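Notes follow once the structure below has been shown.
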Amino acid sequence: MWKLIDFESVRISLALIALLNFCEPCYSQMNSYADKPLSEILDLTFEFEVTRNDLSIYDKKPLIENGILIEHFDNSFVYDLSQRKRLHVGDKEYDDIIRSKLKDSLVLYDLMNLVVVKDFYTGEILYKRGKQRGYQIQSKTPILLKSNTFLFKEKNNILNCVNILTKSIVWQRSFPEMIYAFIEGGDSIVNLTTKTTFYQIDKNTGEIIWNVALTTENEGSLNSEINISGDLLYLWAGKDGLIVIDLAKRTVKEKWLTNMKVSDFTMQIAFDGDTIFAKSPTNVYCLSASTGDQFWVSKDLPIRSDLIIHNEFIFFYQKGREGGVDALSALSRSSHEIEYATFTSEEFPSKDIAGGIYDSELDLTNINFVRRPYQGDLLIGSDGSKIYCFEIVK
């Protein structure tokens with residue numbers, strides 16, 4: 001049932017699901033909670049229920065393209081974020097609008113033991129393939145495919161290119177190490193990392209265009225997503241630091257953050273103009289994307305999730321206190337301090353969860369939020385049962 005909530009009447013906050021797994025270090029400081037609740041800066045603008053089926057159980061992440069939020073679980077409607085309006089698929093009044101904004105219609109789902117490709121407009125399942133239960137073939141799904149082919153990995157070190165229409169494997173390439181990450185770039189290029197090496201591959205043929213070893217197996221690993229801004233590629237390599245590669249020149253340009261105390265973890269990197277926000281398990285780093293100069297670093301914090309970057313705030317989860325649920329927190333980009341934390345409000349008061357340790361009685365920790373706002377100051381997420389949209393009002 002669709003539910004539209006008046007912007008001025010509702011104050012609520014959100015929580016983020018922990019997206020990255022890492023070895024938990026010993027924290028030297030207590031959690032940094034704030035006196036002000038997140039309900040002061042977050043408003044729930046709308047929420048609606050989604051169909052519960054095999055596709056929604058595992059693929060909870062909202063699918064957003066060109067300002068359009070797709071209810072991809074049963075494909076019955078989309079939501080125009082700029083107009084705050086629901087558009088029904090199949091309705092002549094809206095179909096032309098939807099198709100003008102969504103040029104692509106093939107949706108890839110990576111489920112527990114199945115890979116599925118479905119046409120969003122017709123609902124027809126065009127491709128289905130079994131896989132090892134729980135083994136992830138793509139890093140983030142659902143996704144809208146840009147062509148009739150898609151890539152998936154199997155047996156850790158094999159990359160396949162599949163044609164959806166012919167249901168055949170176009171090419172297959174094996175690597176000497178485990179494949180860590182891969183993304184498609186422009187000009188039919190696939191960017192891929194194994195444990196120690198970066199590759200660029202021709203998507204049409206599977207041929208290796210060039211590659212460069214960036215670390216050694218005993219020293220580190222390329223334990224991060226593939227981060228590209230312009231012609232520069234940024235990869236976290238553990239003890240070898242944050243490696244910057246000039247893709248146009250096909251050379252290693254620089255290495256930053258090589259003096260980290262703890263390096264064996266997955267580092268998230270987020271771009272905001274000429275600024276990089278990098279996250280370790282205990283700190284947020286603010287760097288220049290062009291020089292690597294460190295503008296500031298947060299105090300030690302037990303960070304439990306990806307960062308969500310906003311104009312003024314950086315949202316993330318801190319480890320909960322003494323058995324409590326993890327606490328969503330807002331770090332100010334100006335003061336570099338946690339200014340808002342937890343989500344207590346008049347509607348959702350705090351409760352004693354562990355002998356004097358208080359937390360909100362509202363638990364939205366299963367919500368999987370889109371990392372970056374796609375429309376203005378909106379934060380959008382889903383728990384598989386509902387899709388929520390929060391507006392940052394400060």
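Counting from 1, the numbers follow the sequence of the chain as shown. What you see below is based on every heavy atom in this structure, not just the backbone, and it leaves out hydrogens, waters and symmetry mates. Only a predicted model underlies this, so the values are computations on that prediction, with no experimental measurement involved.
A donor atom on one side chain and an acceptor atom on the other are found under 3.5 Å apart for Lys203 and Thr149. Defined by atom type and a distance below 3.5 Å, a donor-acceptor pair is present between the side-chain atoms of Ser332 and Glu312. Side chains of Asp300 and Asn283: a donor on one and an acceptor on the other come within 3.5 Å.
For Asp231, the salt bridge (Lys or Arg N to Asp or Glu O under 4.0 Å) criterion is met by no residue, not counting sequence neighbours. The ring pair (Phe, Tyr, Trp, His ring centres under 6.0 Å) check on Phe277 picks up nothing, with sequence neighbours excluded. Partners of His336 under the ring pair (Phe, Tyr, Trp, His ring centres under 6.0 Å) rule, at least two apart in sequence or in another chain, are Trp296. For Tyr285, the ring pair (Phe, Tyr, Trp, His ring centres under 6.0 Å) test picks out no residue, with sequence neighbours left out. Every residue two or more places apart in sequence or in another chain was checked for a side-chain hydrogen bond (donor to acceptor under 3.5 Å, both in side chains) with Ser298, and none qualifies.
Side chain of Asn160 to main chain of Lys153: no donor-acceptor pair is present (N/O by atom type, distance under 3.5 Å, no hydrogens or angles). Panel note: side chain Tyr340, backbone Ser329; no donor-acceptor pair is recorded below 3.5 Å. Listed for the Trp236 side chain is no donor-acceptor partner under 3.5 Å among the backbone atoms of Glu225. Lys279 contributes a side-chain N or O that, together with a main-chain N or O of Ser305, makes up a donor-acceptor pair within less than 3.5 Å. Between the side chain of Arg99 and the backbone N or O of Asp96 there is no donor-acceptor pair closer than 3.5 Å. Using a distance-only test at 3.5 Å, with no hydrogens or angles considered, a donor-acceptor pair links the side chain of Ser100 to the main chain of Ile97.
The only member of Leu63, Val78, Leu106 that meets side-chain contact (heavy atoms from CB on, under 4.5 Å) when paired with Phe120 is Val78. Each of Arg333, Glu339, Glu337 was scored for a side-chain hydrogen bond (donor to acceptor under 3.5 Å, both in side chains) with Ser335, with one residue passing: Glu339.
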Audit row: Lys155, Ser174, side-chain hydrogen bond (donor to acceptor under 3.5 Å, both in side chains) steps and yes/no: CA-CA 9 Å; Lys155 297 180 181 179; Ser174 62; over 6 Å; no
side-chain hydrogen bond (donor to acceptor under 3.5 Å, both in side chains) assessment of Asn157 paired with Glu177: CA-CA 6 Å; Asn157 69 324; Glu177 300 175 316; over 6 Å; no
Pair Ser221-Asn223, side-chain hydrogen bond (donor to acceptor under 3.5 Å, both in side chains): steps then yes or no: CA-CA 5 Å; Ser221 62; Asn223 202 12; 4.6 Å; no
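Seen from the ring of Phe316, Arg304 does not count as a face-on cation partner, given the 6.0 Å and 45° thresholds.
Cluster partners of Met178 are Tyr180, counting Ile, Leu, Val, Met, Phe, Trp and Tyr whose side-chain heavy atoms approach within less than 4.5 Å, directly or via other members.
By the neighbour-count criterion of 12 heavy atoms within 6.0 Å, atom NZ of Lys128 is sparsely surrounded, having that number or fewer from other residues, nucleotides or ligands.
Using cut-offs of 30° and 60° on the angle between ring planes, the pair Tyr234 and Trp256 is tilted.
With rounding to the nearest 0.5 Å, the separation of CG in Leu232 from CD in Glu254 is 9.0 Å.
Aromatic ring centroids of Tyr199 and Phe175 lie under 6.0 Å apart.
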